[in-house]
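One structure is given below, encoded as structure tokens.
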Amino acid sequence: MSHINYDTHKRGIQSLGITIDNLTEELAFSDGKVAPTDRCYDSQESNPATCSLHGDYQKTRLWMAFRGRVSEKSSRCPGCIQKEIDVAEQAKVALQTEMLLGEAHIVPRFEACEFSNYDVVCDSAAKCLSIMKAYAAAWPDMLANGTSLILTGKPGTGKNHLVTALAKDIIRNHQSTVLMTSVMRIIRAIKRTWSKESDMTEDELVHLYTSRDLLIIDEVGLQYGTDAEKIILFDILNTRYERMLPTILLSNLTPAQISDAIGERLTDRMVEGGGTELIFNWESYRKQKGQVAA
Ligand SMILES: Nc1ncnc2c1ncn2[C@@H]1O[C@H](COP(=O)(O)OP(=O)(O)OP(=O)(O)O)[C@@H](O)[C@H]1O
Ligand SMILES: [Mg+2]
Ligand SMILES: [Zn+2]
């Protein structure tokens, strides 16, 4: 689990949310709508005014006289208010993106992976890249329909590269919650919750895996020890299926072997809702680049 504490991010996001709400109310007031809390003012007028940046607008003024004193409130230029809302919204999105990227558990090796730095090494690679890009572009529909993907094939062909690029894309563009993990890590994390010292219950951990918008599970088929471990994985995948949440599996196994490993029923369910199996069957990029196997 992440060791980074995002409390300051959370507080920042919250306070920007309040700022945006207040400015939105102020914008409505500049359009003549008086909030219930301002009904104490008994007089209202509207006069032409000019902003040096945005030109002419109508200035609304509320006031009341009480025991010889006048209390009043005037609206500001709507263009200026809108600009402040845009700035606050951008800052909020930037903070949320940073937090969501941190919580996605993208490992340092893949941090720089983008669609734009994926080399099209052959026609099949071009097809896989274009399907992954299309999935990212249609993410709101994929999320609504729970459309899952299975990426299988030879080592070093860029399955992790493309899935990382996808994760970053949907976080940046849609502020979705993503978690990248592996079968082994899930099983280890679940086993940790069985210890008395664990700060998380098994239910809380399963909730983490079954509540993110997108769960990416690497190394499917590598580790199938006990039946208990199979049941854990089945439970997570099945709960996500029932909640119509998309899941992406990465594996070196063939589609048939994956069906053996996680059960045909689950693989069937995973490709329901337009999901598909992408087969990465070309030579390792690591070999082509003369890299040591990563
Ligand atoms: N077509 C490509 N263009 C650019 N970089 C690539 C490409 N394919 C792979 N890589 C790079 O090669 C390395 C290995 O790729 P990656 O880990 O994504 O492969 P994989 O298919 O997940 O392999 P494995 O099955 O062994 O896990 C990564 O650093 C990745 O960024
Ligand atoms: Mg991989
Ligand atoms: Zn203005």
Side-chain angles (χ1 to χ4, degrees), residues 23-24 26-31 47-60 74-88 104-133 135-136 149-169 178-186 214-223 247-255 257-258 261 276-294:
L23 286 168
T24 307
E26 200 190 343
L27 190 62
F29 174 52
S30 76
D31 196 29
N47 296 302
T50 306
C51 167
S52 59
L53 286 174
H54 304 101
D56 295 344
Y57 68 99
Q58 283 295 116
K59 195 182 199 56
T60 304
S74 291
S75 71
R76 293 191 295 142
C77 160
C80 287
I81 301 169
Q82 188 58 57
K83 212 172 101 191
E84 288 173 26
I85 292 176
D86 293 346
V87 168
H105 292 194
I106 294 166
V107 295
R109 174 174 297 283
F110 301 114
E111 250 166 27
C113 296
E114 302 284 349
F115 289 136
S116 58
N117 59 20
Y118 186 75
D119 286 341
V120 175
V121 292
C122 61
D123 288 349
S124 306
K127 200 174 156 211
C128 286
L129 172 64
S130 90
I131 292 174
M132 294 296 279
K133 275 182 165 172
Y135 185 96
L149 293 175
I150 300 177
L151 276 56
T152 69
K154 292 189 184 175
T157 44
K159 297 182 291 296
N160 278 79
H161 185 120
L162 286 183
V163 90
T164 306
L166 172 84
K168 285 156 67 173
D169 190 281
V178 179
L179 181 62
M180 295 182 71
T181 186
S182 68
V183 174
M184 253 181 300
R185 262 180 261 154
I186 291 176
L214 177 64
L215 180 68
I216 298 165
I217 309 178
D218 199 4
E219 286 157 16
V220 173
L222 257 194
Q223 160 109 10
T247 306
I248 299 182
L249 301 185
L250 272 58
S251 177
N252 291 127
L253 304 181
T254 63
Q257 288 169 323
I258 292 181
T276 181
E277 286 180 279
L278 303 187
I279 299 170
F280 292 63
N281 60 355
W282 52 92
E283 277 309 302
S284 167
Y285 191 82
R286 297 179 184 119
K287 274 189 209 150
Q288 291 179 30
K289 290 277 150 173
Q291 291 179 2
V292 184

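Counting convention: from 1, in listed order, for ligands and their atoms alike. All residue numbers in this chain count up from 1 along the given sequence.
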CG/L23 to OG/S30 distance, rounded to the nearest 0.5 angstrom?
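Separation between the atoms: 10.5 Å.
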
Rounded distance (nearest 0.5 Å) linking atom CD1 of I186 with atom CG of L215
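Nearest 0.5 Å value for the CD1-CG distance: 5.5 Å.
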
I need the atoms of ligand 1 closer than 4.0 Å to a non-hydrogen atom of G158, numbered in the order shown.
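Per the distance check, 8 (N), 9 (C), 15 (O), 16 (P), 18 (O), 19 (O), 20 (P), 21 (O).
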
Nearest option to atom 25 (O) of ligand 1, as decided by whichever heavy atom of T157, N252, N160 sits closest
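The option holding the nearest heavy atom is N252.
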
Location of contacts on [X] toward ligand 1, heavy atoms closer than 4.0 Å:
X	value
R286	side chain
Y118	both
L250	neither
C113	side chain
F110	side chain

Considering only N, O or S atoms of H54, the one closest to the Zn ion (ligand 3):
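Atom name returned: ND1.
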
Backbone or side chain, does any N or O of [X] fall under 3.5 Å from an N or O of ligand 1?
X	answer
R109	no
V120	no
G156	yes

Do [X] and [Y] have side-chain heavy atoms sitting under 4.5 Å apart?
X	Y	value
P78	H54	no
L278	K159	no
T276	L149	yes

Check: [X] side chain, [Y] main-chain N or O, donor-acceptor pair, under 3.5 Å:
X	Y	result
N117	A112	yes
S75	T60	yes
D218	T181	no

With a sphere of 6.0 Å drawn around CG of N47, does it hold more than 12 non-hydrogen atoms of other residues, nucleotides or ligands?
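Check passes, neighbour count above 12.
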
L162 near ligand 1 by a heavy-atom separation under 4.0 Å:
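The answer is no: ligand 1 sits nowhere under 4.0 Å from a heavy atom of L162.
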
At a threshold of 2.8 Å, where the distance has to be below it, does the Mg ion (ligand 2) have an N, O or S atom of N160 nearby?
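So N160 does bind the Mg ion (ligand 2) by this criterion.
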
Please report, to 10°, the angle around the Zn ion (ligand 3) from atom SG (C80) across to atom SG (C77).
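SG of C80, the Zn ion (ligand 3) and SG of C77 span an angle of about 120°.
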
